[in-house]
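Each chain gets a letter, A, B and so on, in the order the sequences are listed, and its residues count up from 1.
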2 protein chains.
Amino acid sequence: MSCIPRLTIMLRACGYRMTSQRHAILQALHDGGHLSPAQIYQRVESTGMTEATVYRTLEFLAENGILLVADRGNGHLAYELSGESHHHIICRTCGAQMEVDPALLAPAISQMESETGYHLNAGHLTFFGLCPLCKQKPQERA
Amino acid sequence: MSCIPRLTIMLRACGYRMTSQRHAILQALHDGGHLSPAQIYQRVESTGMTEATVYRTLEFLAENGILLVADRGNGHLAYELSGESHHHIICRTCGAQMEVDPALLAPAISQMESETGYHLNAGHLTFFGLCPLCKQKPQERA
DNA sequence: TTCCTTATTGATAAAATTATCAATAAGGAA
DNA sequence: TTCCTTATTGATAATTTTATCAATAAGGAA
């Protein structure tokens, strides 16, 4: 909501344009948080937007750092507004998720930067493992 | 090559089976390293295997921790044998890649484990940023 | 405002990925 | 070895994602 004008200016500065479609998708992500392409399409379908446009727009916004892409662990990707940076841990057995404070990775990232010479902009990382409960239980088949 | 018998035993212990298709895909990844589903299919096509089987097998092997999935940054996923754990940095501008020693993340991971109670098994993480060259150049449009 | 350039979209087709289900074959038991 | 159970595959259809290209509309200039 309040960030649309700022993004509009940012896009124009690069020669891009703010369209009603991009606006609607950003709004959907603002309201919905973590969403898959299909979920986003559901929320903007009423505007008459095409699915192709949804995919194109998501790719465009992600390339420009406005959205973050996260691996959901099921082979599919989810999108979210960047800015509220955080990471996820997903339990391989029961699927439980929890957020991880990005500050935890800050030291490792700055060390990587000094060793590689790259400048890293933290994306959304997904870690996989076993949650406290599944760690105890005898590993039952999925 | 040398790890197939070990994996066969591991699978059987879980009630799964080692098939010629799984064998061929593991061999392709052993030879090829990082491969997309399409690249893998090319390498095993001569066996008469179906594309559906390739996707199914990759998902199966990844679920069982035999393969790691990595986000290639283009919205698609790549697969590799787990075991040779490492991470990647990809430059957002020119696409340059470099490997990162997983030891760099070890402290952060153990801290995450103690704070969350999860047991993490390191997957293949992909970090995005700017390589030393692109960091200097005025950001040119892709 | 009106005009103009061109980034963006919709429509459509193509390609990639997943789901369904009967036929096959892995591997344990006898 | 032969038989049996059932995990796995192939064939096929359905769904998701991407590519192509002409039509539209954002937004700068006059």
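- Within residues 18-25 of chain B, the residues having any heavy atom closer than 4.0 Å to DNA chain D are, in order of number, B:Thr19, B:Gln21, B:Arg22.
- As a whole-Å value, the separation of A:Leu77 CG from D:dT18 P is 9 Å.
- In this entry the distance linking CD of A:Glu59 with C1' of C:dT9 reads 15 Å, nearest Å.
- Residue whose closest nucleotide on DNA chain D sits further toward the 5' end, between B:Thr57 and A:Pro37: B:Thr57.
- Two residues are said to be in side-chain contact when any heavy atoms from C-beta on lie closer than 4.5 Å; A:Thr47 and A:Gln21 fail this criterion.
- Looking at DNA chain C, the stems built from 3 or more consecutive Watson-Crick or G-U wobble pairs, each pair with its key distances under 3.5 Å, are C:1-30 with D:1-30.
- Toward the 5' end of DNA chain C, the nearer of the two residues B:Arg56 and B:His76, judged by each one's closest nucleotide, is B:His76.
- When all heavy atoms are compared, the tightest approach of A:Glu80 to A:His34 is OE1-CE1, 3.3 Å.
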What's touching nucleotides 22-25 of chain C from the protein side, N or O pairs under 3.5 Å?
none

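- Annotation: side chain to side chain donor-acceptor pair (under 3.5 Å) contacts of A:Arg12 (sequence neighbours excluded): none.
- Between A:Phe60 and A:Asn64, the shortest heavy-atom distance links the atoms O-OD1, 2.9 Å.
- Between the C1' atom of D:dT8 and the CG atom of B:Leu61 lies a distance of 12 Å, rounded to the nearest Å.
- As rounded to whole Å, 13 Å separates atom C1' of C:dA7 from atom CG of A:Asn64.
- Remark: B:Gly48, B:Met49, B:Thr50 in residues 41-52 of chain B come within less than 4.0 Å of DNA chain D through at least one heavy atom.
- Between B:Leu104 and B:Val100, the closest heavy-atom pair is CD1-CG1, 3.8 Å.
- Residues satisfying the side-chain contact (heavy atoms from CB on, under 4.5 Å) criterion with B:Leu35, sequence neighbours excluded, are B:Leu29, B:Gln39, B:Ile40, B:Arg43.
- Residue A:Arg12 contributes atom CZ, which lies 15 Å from atom C1' of C:dT6 at whole-angstrom precision.
- For the pair B:Tyr118 and A:Ala96, the tightest heavy-atom approach, listed with the atom from each and the gap, is OH-O, 3.6 Å.
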